[in-house]
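Following: one structure in C-alpha cells, then a few remarks.
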Amino acid sequence: MFVRDAKARCPHLTVVPYNFDAYGEVADQFYGILHKYCTKVQALSCDEAFLDMTECLHDNPEEVTERMRNEIFGTTKCTASAGIAENRLLARLATRSAKPNGQLFISSEKVDDYLSTLPIKALPGIGYTVSDKLKSKEVEHCGQLRNISKDALHKDFGKKISNMLWNYCRGIDHSVVEAVQETKSVGAEVNWGVRFNENKDADNFLVNLSREVSLRLQGCGLQGRTITLKVKTRRKGAGEPLKFMGCGDCETMSRSTTMTGATDNLVTLQRIARQLFAALHVDVKEVRGVGLKMSKLEHADLGRGAQQGNMLKSWLGSSSEKLKKQCSERTCFLGNSDGILTCQRSCRSHYQ
DNA sequence: ATCCTCCCCTAC
DNA sequence: TAAGGTAGGGGAGGAT
Ligand SMILES: [Mg+2]
C-alpha cells in the first residue's frame, strides 16, 4: 500500500523517515559481532550473512548461536534470527522458519520431513515464474517435486535451473561459504520520475548517468570493458501509472558495447551511452526508465592482463559506507529537467 | 563447442 | 503483478 493511501485510511498515521546512517551503523555492529564468532562470514546484504561454523564444532552450535543473537540484540537493540543446518540451503530455509527473533536447527534426520511440505516458491532462486509453471502441473511442494525426473525438469527449465530444482527439493546444496566476493558489474539506473519532452532532455540525463557510473567505478577502483544501456518505455496501450511519476507498464530494451580495453572514463561512457541510446530508436517521450551498467571489470591500478578478478570485501565496511553516502547524494542530481528527484539506496531495516 | 548479446528471473 | 535500485545468474539463439 502506498503511503498516500494509508494516510487516506489513517489520517493520524505516523510515517517514520528513513535513517540510512543508523542502518549502516547497525550493519557494522552486526558484522563486527559475527566476525568475533566466526572467520568465514559471507555477507548477503546489510542484515543477512552465511557463517561456516564447521571449524567451531567443538562448541555446541545452538549455544553459540544463542550467544551471538543475544550479543546482537544487546548491542543493536535489533533482534536477529538464525538457521543452523548441514548446508547453506537448509540453513537459509531454517532462518526463514525461525523468524521472528528465533533460531532453528534442522538436523539431517529432519530434512526430508521439513522439505516434503515446503512450497517450492520458498526455495531460494525460485520465484513466481518457476513456481507458477510448476503449479500449473499440480506441483506445489518439494515432496511432489521429487517425483519429477531430472529429464523432465531439464526440458522445462534448462540445465542449471533443473539441476537446482532437483537438488534443492532433496535438501542437496554443495555450494560453499565464500567470504570474499568478486564484483561483476557496477551501474546505476532510474525508473522513477523519468519523463523527457525533448531529445536534449534524454541526452542530458544520459550525460549525468554516465557521470554517476564513472564516479562509482572510480570509487571502487574498477574499470570495465562492456557497457550496457537499459531503457524502459511505456508499453503500447498503457496509460499513465497510478503512482505519481512511476514507470507503469513498460517494455525493457537493452544494448551493449564491448571495448578492447577497460575504462572508467567519463567522456568515453557518455559517448557510448549516447550511441547505445540512439541504437535503440526509442521515442524519448515514451521513456520511463534508464540504466547504465559496466561489466567485464578489472582493477584500475593493475591495468589490463591482470585477470586476478577484483576482491571486494562486503560493501558494509565503514569506508564503503562513506562512499555509499556520496553516491546517494550524487544521485539526487539525476533528476530530470522538471526537477523530479530520485530516491535510491533503499535498505532493509529489520534484522530478523 | 563455446562465446556473446539480449532478455528474463530472482533476492535483498 | 500497487516500490525502486543494485546486482547476480541463466536461457535462447545467433555469432565465432
Ligand atoms: Mg523463492
Side-chain angles (χ1 to χ4, degrees), chain A residues 1-6 8 18 20 23 27 42-50 92 95-96 120-133 154-165 168 175 178 181-194 209 212-213 216-217 220 222 224-232 235 238 241-258 276 279-280 288-297 312 314-316 320 323-324 327-328 330-332 334 340-351:
Chain A
M1 184 185 290
F2 291 126
V3 170
R4 185 208 295 164
D5 301 329
Y18 292 123
F20 292 114
Y23 308 153
Q42 177 174 6
L44 284 195
S45 65
C46 65
D47 69 349
E48 191 165 6
F50 285 119
R92 199 168 182 181
T95 306
R96 297 299 184 275
I120 293 163
K121 172 81 168 59
L123 296 173
I126 305 304
Y128 294 103
T129 304
V130 172
S131 72
D132 283 355
K133 199 164 164 181
H154 185 272
K155 284 189 178 68
D156 281 337
F157 300 102
K159 193 175 174 180
K160 296 289 182 76
I161 291 171
S162 63
N163 267 329
M164 183 174 77
L165 285 167
Y168 279 13
S175 69
E178 307 262 16
Q181 297 170 87
E182 187 184 352
T183 300
K184 303 282 185 64
S185 67
V186 173
E189 63 185 275
V190 182
N191 301 303
W192 192 86
V194 176
L209 194 58
E212 176 63 28
V213 173
R216 288 188 191 184
L217 283 165
C220 303
L222 294 170
R225 290 205 299 127
T226 298
I227 302 177
T228 304
L229 179 76
K230 187 173 81 172
V231 174
K232 277 181 185 289
R235 194 183 297 280
L242 294 179
K243 181 179 168 60
F244 176 65
M245 282 288 130
C247 62
D249 187 9
C250 282
E251 290 183 83
T252 302
M253 292 171 290
S254 73
R255 281 293 180 280
S256 64
T257 294
T258 299
L276 293 171
L280 286 172
R288 296 291 180 268
V290 187
L292 193 64
K293 179 158 68 173
M294 185 72 90
S295 54
K296 293 203 193 323
L297 302 178
L312 189 67
S314 157
W315 49 269
L316 296 162
S320 45
L323 172 69
K324 218 175 63 166
C327 285
S328 129
R330 278 205 306 274
T331 305
C332 290
L334 285 173
I340 301 298
L341 301 185
T342 65
C343 174
Q344 291 192 318
R345 300 278 175 189
S346 80
C347 183
R348 291 188 175 289
S349 59
H350 63 94
Y351 292 83

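Since we're looking at a predicted model, the values are computed, not measured. Throughout, a chain's letter reflects where its sequence line sits, starting with A, and its residues are numbered from 1. Just so it is clear, the values below take in all heavy atoms, side chains as well, and ignore hydrogens, waters and symmetry mates.
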Next on the checklist: Regarding E48(A) and R96(A), does a basic nitrogen lie under 4.0 Å from an acidic carboxylate oxygen?
Outcome noted: yes

Item to check | First of D132(A) and K159(A) reached from the 5' end of DNA chain C, by closest nucleotide | outcome: D132(A)

Checklist entry - Which nucleotide in the list dG5(C), dC7(B), dG8(C) gets nearest to the side chain of T183(A)? => result dG8(C)

Next on the checklist: A quick test of your reading: do over 12 heavy atoms of other residues, nucleotides or ligands sit less than 6.0 Å from NZ of K133(A)?
Outcome noted: yes

Checklist entry - From dG9(C), dC12(B), dC7(B), pick the nucleotide closest to the side chain of S254(A)? => result dC7(B)

Checklist entry - How would DNA chain B look in dot-bracket form, 5' to 3', counting Watson-Crick and G-U wobble pairs with both distances under 3.5 Å and writing | for bases paired to another strand? => result ||||||||||||

Checklist entry - Out of dC7(B), dT5(B), dG8(C), which has the shortest distance to the side chain of S256(A)? => result dT5(B)

Checklist entry - Base, sugar-phosphate, or nothing: which does K293(A) touch, judged by heavy atoms less than 4.0 Å apart? => result nothing

Next on the checklist: At 4.0 Å (heavy atoms only), tell me whether L280(A) reaches a base, stays on the sugar-phosphate, or touches nothing.
Outcome noted: nothing

Checklist entry - Which class fits the ring pair F20(A) and Y23(A): parallel under 30°, tilted 30 to 60°, perpendicular over 60°? => result perpendicular

Checklist entry - Which nucleotide in the list dC12(B), dC7(B), dT6(C) gets nearest to the side chain of A188(A)? => result dT6(C)

Next on the checklist: Let's see if you can work this out: which of dC9(B), dG11(C), dC12(B) has an atom nearest to the side-chain heavy atoms of S45(A)?
Outcome noted: dC12(B)

Item to check | Distance, P atom - from dC9(B) to dT1(C), rounded to whole angstrom | outcome: 12 Å

Checklist entry - Reckon R96(A) touches a base, only the sugar-phosphate, or nothing at all at heavy-atom distances under 4.0 Å? => result sugar-phosphate

Item to check | Atom-pair distance (NZ on K296(A); C1' on dC4(B)), nearest Å | outcome: 7 Å

Item to check | Minimum-distance nucleotide to R92(A) side chain [options: dC7(B), dG8(C), dA11(B)] | outcome: dA11(B)

Check the interface with nucleotides 13-16 of chain C: list each N/O to N/O pair with the protein under 3.5 Å, or write none.
none

Checklist outcome for this item: Of S162(A) and Y128(A), the one whose nearest nucleotide on DNA chain C sits closer to the 5' end is Y128(A)

Checklist outcome for this item: Per atom distances to the E189(A) side chain, the nearest of dG9(C), dG5(C), dT10(B) is dG5(C)

Item to check | Nucleotide nearest T258(A) (side chain, heavy atoms from C-beta), chosen from dC7(B), dC9(B), dT5(B) | outcome: dT5(B)

Checklist outcome for this item: Closest of dA7(C), dT6(C), dC7(B) to the S185(A) side chain is dA7(C)

Item to check | Closest to the E48(A) side chain, choosing from dG10(C), dC12(B), dT6(C) | outcome: dC12(B)

Next on the checklist: If I take atom CD1 in residue I126(A) and atom P in nucleotide dG11(C), what distance separates them, rounded to the nearest angstrom?
Outcome noted: 11 Å

